Structures are given as structure tokens and as C-alpha cells.
Amino acid sequence: MRFNQAFIYTLREDPREAEITSHKLLLKAGMILKLASGIYTYLPLGFRVIEKINKIVSEEMDRIGAIRLLMPSVQPKELWEESGRWKEYGKELLRIKDRNDRDFVIGPTHEEVVVDVARHFVRSYKDLPLTLYQIQTKFRDEIRPRFGLMRGREFIMKDAYSFGKDEKDLEKSFNDMFNAYCRIFKRCGLKSRAVEADTGLIGGKGSLEFMVPSSVGEDEIVCCNRCSYAANIEKAESRVEIPRARPEQSIKEVYTPKKKTVEEVSQFLNVRREEIVKTLIYKGERRFYAFLVRGCDELNIVKAKRAVGETELRPPSEKELKDMGLHLGFLGPVGLKEKDIYVLGDNLIKDMKWCVTGANKEDFHLEGVKIGRDFSVDMYTDLRRVKEGENCPVCNGKLSILRGIELGHVFKLEDKYSRKMNGYFLDEKGKKRYYVMGCYGIGIGRTAQAVVEMHHDEKGIIWPLTVAPYDVEIISLTDKDYANLLHDELEKEDIEVLLDDRKESPGVKFADCDLIGIPIRIVLGKYLEQGKAEVSLRKDREKRFLISKHEVVGFVKNLKRELIKEIENG
RNA sequence: CGGGGUGUAGCGCAGCCUGGUAGCGCACCUGCUUUGGGAGCAGGGAGUCGGAGGUUCAAAUCCUCUCACCCCGACCA
């Protein structure tokens with residue numbers, strides 16, 4: 001490909017809309033163009049990267065026997081009513097009407113459609129297990145699109161769905177998929193890490209996310225320094241030393257004027273934060289809940305939601321609090337039952353013999369409160385957010401918290417959708433049974449951007465060869481004829497080559513080459529008089545090779561092979 | 001949805017406070033020169049000043065409303 005034909009337009013200045021490096025670079029290098037918030041055109045260069053990733057993904061899917069198809073992105077409401085998600089999904093689901101006023105959705109995911117496909121054809125246990133996948137554009141009306149392709153509203157996703165006879169089939173498909181994902185991210189030049197995760201809206205039991213550690217990641221992951229334990233903060237657990245408690249006392253009301261925060265109360269009453277029980281009131285779809293955690297802990301809202309089976313929890317309004325006779329800053333568990341509030345306690349408060357709580361009365365707290373005697377808890381569970389430095393729940397090692405970009409997610413769905421949508425088959429005994437399903441996603445665009453985030457320098461992108469838009473860029477400074485010849489020869493050898501044939505100064509060509517990030521560069525310039533071309537790598541410009549004209553093609557072929565091997569060996 | 005910010009040529013910005021009919025750099029077009037790290041000279045094209053309404057002899061500039069986009073938070077496979 002010649003630059004003049006390639007539709008490449010780079011930006012000289014930083015685009016104002018971008019904040020993080022990978023987003024800036026994708027825009028500057030002319031890889032993507034924004035059309036609306038969270039909606040992007042993949043320009044020719046960016047699209048080549050997408051296609052490279054798609055190819056790696058489909059090769060790995062094919063390797064584990066998954067079958068590719070393509071499902072519609074516009075889907076009828078009826079299907080979503082069958083699964084119950086027409087009601088559940090909320091505003092993120094883009095709903096549209098056709099000319100006859102019939103309701104449709106733009107697919108944010110394809111469980112419904114794929115079950116519909118399977119149930120049309122798969123009636124016998126002999127057809128199982130089966131895994132179907134597609135690579136397709138999806139739409140989720142995200143509340144806040146951000147960081148370019150990192151969190152778009154329209155985005156390309158590989159989604160796969162496995163259908164099995166039983167748990168054993170599911171286990172096998174799940175493991176195959178897990179291994180495929182490891183290979184995919186490795187081949188893209190990324191160091192991914194699988195972490196335990198909350199299953200969220202899609203539901204089901206087992207769930208692992210594939211994360212790439214990065215400071216710009218939107219998720220927090222908890223990792224053990226000793227064993228392989230790793231979990232999304234939403235799900236993570238830990239072991240905590242519980243300090244020795246004070247002896248039991250009788251309950252006593254104390255005057256605490258304007259002391260609203262745990263910190264203030266702790267200082268004013270001279271008690272440790274661990275001795276205070278913090279009461280957080282939330283309103284769900286069904287009722288009000290009180291979540292009790294130690295004063296030194298924070299409530300993990302995802303765990304809270306899971307515990308009460310609510311999809312949404314919001315803090316009560318001032319009026320709602322007032323109506324219940326409660327005061328922000330002086331909330332406490334004593335007497336909440338009478339107000340018909342469901343009380344949940346974090347596991348760590350269960351054995352407290354003595355604590356300080358709000359008195360549910362302006363400017364007063366209670367001391368010497370004892371659980372069971374002074375108030376009761378409807379349910380104990382893990383509600384707290386894990387903190388850096390706590391102990392690993394598996395091996396007691398130290399936990400650290402880092403940020404990560406979620407690139408893939410594998411779920412065990414079991415029969416959640418097949419049951420609701422009557423997706424069944426007949427087993428060996430002719431008995432009707434529901435598909436045991438798994439679902440597996442990879443964000444393609446997000447993966448592309450994560451690669452940029454991990455591989456760049458101050459000059460631009462440094463594509464790993466496996467996902468680079470081109471393998472080689474030729475910068476021709478003198479001899480046009482030879483440049484053209486070399487270009488054609490390389491193409492003949494299946495080397496993807498970009499020849500910069502623009503009438504630009506050398507500086508511009510070098511700068512663009514570094515910005516766009518093609519892994520191998522061939523400069524045809526002053527050494528051409530000696531019959532030599534100059535070959536260098538984007539990742540290390542210090543190393544340069546002067547290669548005789550007739551050996552260039554062979555040399556580059558070798559180089560490409562080596563670069564690929566390097567990536568695949570990690 | 002709450003808080004903050006920005007909309008002026010393809011991109012990045014100045015002009016707005018103090019109203020007088022739009023400017024800079026880059027990019028683009030033409031010509032000549034230049035050619036190993038974002039070239040020089042000369043000439044040129046390009047803007048409903050986000051939109052609507054209002055105030056005024058006169059609005060990019062002042063007022064009201066509105067839309068879009070960005071950031072933080074809430075939220076989210």
C-alpha cells in the first residue's frame with residue numbers, strides 16, 4: 001500500500017477531546033474519528049488493527065471448535081420479554097420502534113438471540129456440546145462513555161455462547177475458552193490476568209474477568225502476592241485481624257454535638273474506629289435497607305446489592321430520612337426494625353461485644369451497644385470493601401490493589417436463559433432438559449486501545465507486530481524506482497508494507513512513521529549509494545541494520561518471523 | 001442525574017471583560033527553491049463565531065433559553 005492511496009491523516013497537535021495517552025494516540029495517528037459521544041469511525045489504519053485482532057480471536061475460537069455465525073443487532077422486544085430483560089435492563093438498552101410502531105432493541109449482548117437460534121435446531125443431546133460465536137458491533141447506551149474505544153457506546157465485541165448437556169460439558173467449554181483467552185491476549189502482546197468477578201446483570205455462577213493491569217483501568221483488582229488469588233474489588237474477600245474488644249457494658253446515650261463522621265465521633269468519644277458501627281441506609285426497589293459495617297471499613301455496594309438481590313440501591317432522600325425520624329450523621333441500628341428497615345450486618349461486626357453507634361437522634365450517639373441485646377440483625381454477610389495490605393482469603397499472603405482494564409469476561413450462565421426461553425433438548429433417555437450455557441466476551445476495540453496503552457513512547461504507538469496495521473514501512477528519501485520495486489517484492493512475499501511516497505520532508509515522514517507505530521522501518525537514503533537499505537525496529541531505534549538491496553526481503557521476512565515468535569513466547 | 005468546563009476555518013487556539021461586522025499557528029491549494037528527524041519564500045481558498053430568541057443604530061462580544069462535547073462523581077458485562 002502506498003501512503004498517498006491509504007487515506008491516512010495524522011494530527012500534529014493533541015486533540016482536545018482526549019485525556020489518556022492511548023486515546024490521544026489513536027486520534028493523532030489517524031486510527032479513529034469520533035462521530036458522537038462514545039461512537040467512532042474506525043479509519044483505515046485503525047480498522048486494519050481491528051481486523052488483525054479479529055483474526056487472532058477467530059483463529060483461537062476455531063482452534064477450540066467454536067463455530068462462527070452473525071446474529072442481527074436489531075432484535076424484537078418479544079425475545080427480551082421472554083428472558084425478562086426487557087424490564088430488567090434499564091436505560092442502557094437502546095430501544096427503538098419501527099414504522100409500524102413495534103418495539104425493538106439494538107443488541108447490547110446476544111443471549112436471547114443465540115438461545116433462539118439454538119432452540120430452532122438443537123433438540124438432541126447428540127448435538128451437544130456446541131459453541132457459537134460472532135464478532136459484531138453492539139450498542140449500550142452507557143451513562144458515561146469515556147476514553148475513546150475504552151468505553152464506547154457502540155463497540156465491537158466477540159461474543160461466544162456454549163451449550164452443553166450438563167455441568168461437565170459446561171466445565172469443558174469454560175476451560176477451553178479460558179485457555180483460548182489466555183492465548184489471544186498473549187498473541188496481542190498483552191499481559192492479561194484472570195480475576196474472579198461479580199456476575200452483574202447477566203447472572204449465573206462462575207465468572208472470570210481478563211484484566212490488563214493499567215493505571216487508566218476503570219476497575220480495581222485485588223491480587224495476592226503469594227498465591228494466584230485475584231479478584232475484582234467488587235467481589236474480593238480478605239482475612240482481617242479483629243482487635244480484642246472491650247468488655248460488655250450497659251447501653252448509654254451520650255451527647256455528641258455536630259459530630260457526624262466516624263472520625264469526629266472517634267476523637268470526641270475517644271474510641272477506636274473499629275469500635276464504631278457505621279449504619280448506611282439505602283433504598284432498593286422493594287424496601288429500605290440498613291447496612292452495618294465497622295467504622296474503619298467501607299461498604300462495598302456491589303456486595304450489598306447481591307446480598308439483598310436488588311439491581312439498584314440509592315441513598316434515601318432527605319425527606320425520606322426525615323419521615324422515618326432519622327438523622328444523617330447520627331444513624332444507628334437500634335430501633336430500625338420498628339421502622340420496617342431490613343438490617344444487614346457485615347461479618348466482622350457479628351462478634352462485637354461493645355460498640356458505638358448513632359442514636360437516631362440529632363446530636364446523640366450510643367455507647368456500650370451490644371448486638372443481639374440492643375438490636376438484632378436480619379442477616380450477616382460479607383459487605384465490606386477489601387483494603388490494601390489485608391490478608392489473602394486463600395493463603396493468608398498480603399493483598400495489594402491495582403487498577404486494570406477489563407478486556408474479556410467468561411461466565412457460567414447455567415440454564416438461566418435456556419429455562420426462561422424454553423431452550424431444551426432430549427437426553428439419552430428421551431427426557432427434556434435445558435441447555436447448560438456459558439457466555440464469553442471480548443471487547444475488540446478496547447483490546448486495541450489497551451495495546452496502545454501498554455505499548456507507546458513519547459513519539460507514538462509501538463505496535464506489536466501481530467496487531468500492527470502494517471508490518472513494514474518504507475521511507476523513501478532518494479530512489480523512487482527502487483522503493484517501488486522493494487514495495488512490490490515485499491507484498492509478493494505476504495509482507496504487509498506501507499510505502500511513504502508522499503512529497504514530504506524527511507522529518508515529517510520519520511515523525512509520522514513513529515507516530516503510527518509500524519514495527520519495522522526501512523529507510524532508503526544515503527546508504528543506497530553503497531547498495532544498502534537501513535532497517536530498524538520501532539521498539540528500538542538504536543539498533544540499525546544496513547542490508548544489501550538484494551537481501552532486504554529475506555532479512556525482513558526473518559525479522560517478522562522472529563518478532564512474532566518473541567510475542568508468542570511472551 | 002449532580003458538580004465543573006468548552007463550543008470562533010479541517011485541527012489547536014486568540015478575540016468576549018470594555019458591542020463597531022473576525023484573527024493567529026498548523027493543515028489545504030498554486031508557483032519556485034529545499035530534501036536524513038515536523039523546510040523557506042511568494043500568492044491563494046476556506047468561518048451560518050454551536051442553535052433559537054431578546055436588548056441595541058449595531059452582537060462572536062450583553063441577556064434568556066437550548067443543543068453538543070469534555071472532565072469529576074453517581075452508575076455500568
Side-chain angles (χ1 to χ4, degrees), chain A residues 9-20 23-24 27-28 30 33-39 85 88-93 107-111 138-148 150-153 155 157-161 195 197-204 207-211 218-219 232 234-235 282 301-302 305 311-315 317 405-413 438-443 446 458-460 475-480 500 502-515 521-529 533-534 536 541 544:
Chain A
Y9 297 94
T10 59
L11 272 39
R12 219 172 255 217
E13 280 162 286
D14 275 357
R16 206 166 54 121
E17 70 183 74
E19 197 75 0
I20 66 174
H23 185 195
K24 275 186 197 161
L27 289 164
K28 267 182 102 169
L33 174 68
K34 187 176 75 182
L35 179 64
S37 178
I39 301 177
R85 289 206 290 186
E88 278 171 24
Y89 217 105
K91 288 179 98 172
E92 217 179 282
L93 181 62
T109 172
H110 280 67
E111 282 80 11
K138 307 216 183 290
F139 195 95
R140 293 181 193 174
D141 203 352
E142 294 282 351
I143 203 159
R144 182 138 106 84
R146 226 194 292 231
F147 301 155
M150 218 58 122
R151 178 167 295 269
R153 293 194 291 170
F155 60 101
M157 176 168 159
K158 185 282 310 183
D159 48 327
Y161 306 87
V195 310
D198 185 65
T199 49
L201 209 54
I202 285 191
S207 161
L208 291 175
E209 289 169 337
F210 281 77
M211 296 280 192
E218 295 185 273
D219 289 278
N232 193 305
E234 295 175 347
K235 168 87 192 263
Y282 281 92
I301 194 80
V302 176
K305 281 181 190 168
T311 49
E312 207 159 322
L313 288 177
R314 60 161 181 84
S317 64
I405 304 167
E406 179 192 349
L407 296 185
H409 203 156
V410 294
F411 283 93
K412 289 180 188 168
L413 287 176
C439 90
Y440 318 92
I442 289 181
R446 194 182 271 190
E458 63 289 341
K459 288 182 172 168
I475 293 184
S476 165
L477 300 177
T478 47
D479 186 343
K480 256 193 209 155
D500 193 344
R502 290 176 300 171
K503 199 172 175 299
E504 285 287 356
S505 70
V508 171
K509 292 186 180 183
F510 286 130
D512 274 343
C513 183
D514 289 343
L515 174 61
R521 186 183 76 184
I522 304 175
V523 178
L524 304 177
K526 58 191 173 197
Y527 300 104
L528 217 50
E529 292 168 18
E534 189 181 327
S536 71
R541 287 272 191 255
R544 299 191 184 186

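Chain letters run A, B, ... following the sequence lines, proteins first and then strands; every chain starts at 1. Owing to the predicted nature of the structure, the values given are computational and were not obtained by experimental measurement.
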Below 3.5 Å between N/O atoms, which protein atoms pair up with nucleotides 12-15 of chain B? Just atom names and distances, please.
| residue | atom | partner | partner atom | Å |
| --- | --- | --- | --- | --- |
| B/G12 | OP1 | A/Arg16 | N | 3.4 |
| B/G12 | O2' | A/Glu13 | OE2 | 3.3 |
| B/C13 | OP2 | A/Arg16 | NE | 2.9 |

Show each protein N/O and nucleotides 36-42 of chain B N/O combination with a separation under 3.5 Å, one pair to a line.
| residue | atom | partner | partner atom | Å |
| --- | --- | --- | --- | --- |
| B/G36 | N7 | A/Lys526 | N | 3.4 |
| B/G36 | O6 | A/Gly525 | N | 3.3 |
| B/G36 | O6 | A/Lys526 | N | 2.5 |
| B/G36 | N1 | A/Glu534 | OE1 | 2.8 |
| B/G36 | N2 | A/Glu534 | OE1 | 3.1 |
| B/G36 | N2 | A/Glu534 | OE2 | 3.0 |
| B/G37 | O6 | A/Arg521 | NH1 | 2.7 |
| B/G37 | O6 | A/Arg521 | NH2 | 3.2 |
| B/G37 | N1 | A/Asp514 | OD2 | 3.0 |
| B/G37 | N2 | A/Asp514 | OD2 | 2.4 |
| B/G38 | O2' | A/Arg12 | NH1 | 3.3 |
| B/G38 | N2 | A/Asp512 | OD1 | 3.4 |
| B/A39 | OP2 | A/Ser505 | OG | 3.0 |

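At whole-Å resolution of the value, CG in A/Leu27 and P in B/G10 are 17 Å apart. Atoms CD1 (A/Ile301) and C1' (B/A74) sit 11 Å apart, rounded to a whole Å. At whole-Å resolution of the value, CZ in A/Arg314 and C1' in B/A74 are 13 Å apart. The distance between atom NZ of A/Lys138 and atom C1' of B/C76, rounded to the nearest whole Å, is 17 Å.
Not a single donor-acceptor contact under 3.5 angstrom links the side-chain atoms of A/Arg146 to the base of B/C71.
A gap of 11 Å separates the P atoms of B/C26 and B/A39, to the nearest Å.
With a cut-off of 3.5 Å on both pairing distances, B/C16 has no Watson-Crick or G-U wobble partner at all. In this structure B/U6 sits in a base pair with B/A68, meeting the Watson-Crick or G-U test at under 3.5 Å. Nucleotide B/A46 is matched to nothing when pairs are restricted to Watson-Crick or G-U wobble geometry with both distances under 3.5 angstrom. For B/G73, the paired nucleotide is B/C1, the pair qualifying as Watson-Crick or G-U wobble because both relevant distances are below 3.5 Å.
For the atom pair CD of A/Glu234 and CD of A/Glu209, the computed distance is 6.5 Å after rounding to the nearest 0.5 Å.
A salt bridge is absent between A/Lys305 and A/Asp198: the closest approach of a Lys/Arg side-chain nitrogen to an acidic carboxylate oxygen does not fall below 4.0 angstrom.
When each of A/His409 and A/Gly38 is assigned the nucleotide of RNA chain B with its nearest heavy atom, A/Gly38 is the one assigned upstream, toward the 5' end.
A donor-acceptor contact shorter than 3.5 Å links the side chain of A/Arg446 to the backbone of A/Glu406.
A/Phe210 comes within 4.0 angstrom of nothing in the nucleic acid, heavy atoms only. Counting non-hydrogen atoms under 4.0 angstrom, A/Arg144 reaches a base of the nucleic acid.
Judged by distance alone, the side chains of A/Glu111 and A/Thr109 do bring a donor and an acceptor atom under 3.5 Å apart.
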